[in-house]
Amino acid sequence: YNILLPREMTESLQLALVKVKKGSLTPKHTHKDEEQAYIILKGSGVVRLNDEEKEVSERMIVYIPRGTEHEIKNTGKDELTYIYVANWPG
């Protein structure tokens, strides 16, 4: 991923551009002190939040609360591209 806006430059945010290759997925992980949103720019996939799965595609936004285990898999024909916005308590 490429950091677009580092946390050090803000009070509580970080933005990054993420590209997931066809058939690939991000590792499962949890953030105990940060919430996130994924803004899907291109492609399609499946996001898993704890035990729930949801299909995502261009122009959708996924909200990930603190403490939620999550991963995203590219199930589309092309690269899956999204911006993640992370927010920490102020």
Side-chain angles (χ1 to χ4, degrees):
Y1 61 91
N2 296 323
I3 301 294
L4 303 174
L5 180 64
R7 182 178 180 186
E8 297 77 30
M9 293 181 65
T10 72
E11 292 181 24
S12 63
L13 294 176
Q14 179 169 288
L15 279 74
L17 180 67
V18 181
K19 296 182 178 188
V20 182
K21 294 181 181 180
K22 179 181 174 182
S24 296
L25 71 153
T26 61
K28 294 178 194 175
H29 60 288
T30 305
H31 306 282
K32 70 175 188 171
D33 63 348
E34 122 190 24
E35 59 186 341
Q36 292 184 330
Y38 291 175
I39 304 167
I40 311 299
L41 302 176
K42 178 182 165 189
S44 59
V46 174
V47 172
R48 189 180 62 76
L49 304 175
N50 292 324
D51 294 327
E52 292 185 37
E53 291 188 347
K54 178 180 182 176
E55 291 188 18
V56 295
S57 58
E58 294 176 22
R59 295 190 235 163
M60 292 181 75
I61 297 176
V62 178
Y63 171 67
I64 304 166
R66 290 179 185 89
T68 302
E69 184 179 65
H70 57 284
E71 66 182 355
I72 187 167
K73 180 176 184 177
N74 182 345
T75 58
K77 298 177 183 177
D78 299 309
E79 190 170 66
L80 173 62
T81 305
Y82 63 95
I83 292 177
Y84 87 67
V85 180
N87 181 44
W88 290 266

Exercise for the section: State the CZ-CD distance between Arg48 and Glu71, to the nearest 0.5 angstrom. Expected result: 4.5 Å
Problem - For the student: nearest non-hydrogen atoms of Tyr82 and Val20, plus distance - result: CE2-CG2, 4.0 Å
Exercise for the section: Output the distance between atom NZ (Lys73) and atom OG1 (Thr75), rounded to the nearest 0.5 Å. Expected result: 7.5 Å
Handout entry: In one Ile/Leu/Val/Met/Phe/Trp/Tyr side-chain cluster, 4.5 Å: Tyr84, Tyr63
Key = no
Completion exercise
Output for pair (Leu15 CG, Gln36 CD), nearest 0.5 Å, gives 10.5 Å
Practice task
Please check if Val47 and Met60 belong to a single hydrophobic cluster, counting links between Ile, Leu, Val, Met, Phe, Trp and Tyr side chain heavy atoms closer than 4.5 Å.
Solution key: yes
Problem - Verify same cluster id: Val18, Val62 (apolar side-chain graph, 4.5 Å) - result: yes
Handout entry: Value rounded to 0.5 Å, distance of CD in Glu69 from NE2 in His31
Key = 11.0 Å
Exercise for the section: Looking only at non-hydrogen atoms, find the nearest pair between Ile3 and Gln14 and report the distance. Expected result: CD1-NE2, 3.4 Å
Practice task
Following the transitive rule for hydrophobic clusters with a side-chain heavy-atom cut-off under 4.5 Å over Ile, Leu, Val, Met, Phe, Trp and Tyr, establish whether Val46 and Tyr38 coincide in one cluster.
Solution key: no
Exercise for the section: Might you point out which heavy atoms bring Arg66 and Asn87 nearest each other, and give the distance in Å? Expected result: NH2-O, 4.1 Å
Exercise for the section: To the nearest 0.5 angstrom, please state how far the CG atom of Leu80 sits from the NZ atom of Lys42. Expected result: 10.0 Å
Exercise for the section: Give the minimum heavy-atom separation between Lys22 and Lys77, together with the two atoms involved. Expected result: CD-O, 3.5 Å
Handout entry: From CH2 (Trp88) to CD (Glu35), nearest 0.5 Å
Key = 10.5 Å
Exercise for the section: Kindly check if the number of other-residue, nucleotide or ligand heavy atoms within 6.0 Å of OH (Tyr1) is above 12? Expected result: no
Exercise for the section: Spell out, as yes or no, whether a donor-acceptor pair under 3.5 Å connects the side chain of His70 to the backbone of Thr30. Expected result: no
Handout entry: Thr26 side chain to Ile72 backbone, donor-acceptor under 3.5 Å
Key = yes
Problem - Non-hydrogen atoms of Ala37 and Ile61 that approach each other most closely - result: CB-CG2, 4.4 Å
Handout entry: Shortest non-hydrogen contact from Ile64 toward Leu49
Key = CG1-CD2, 3.7 Å
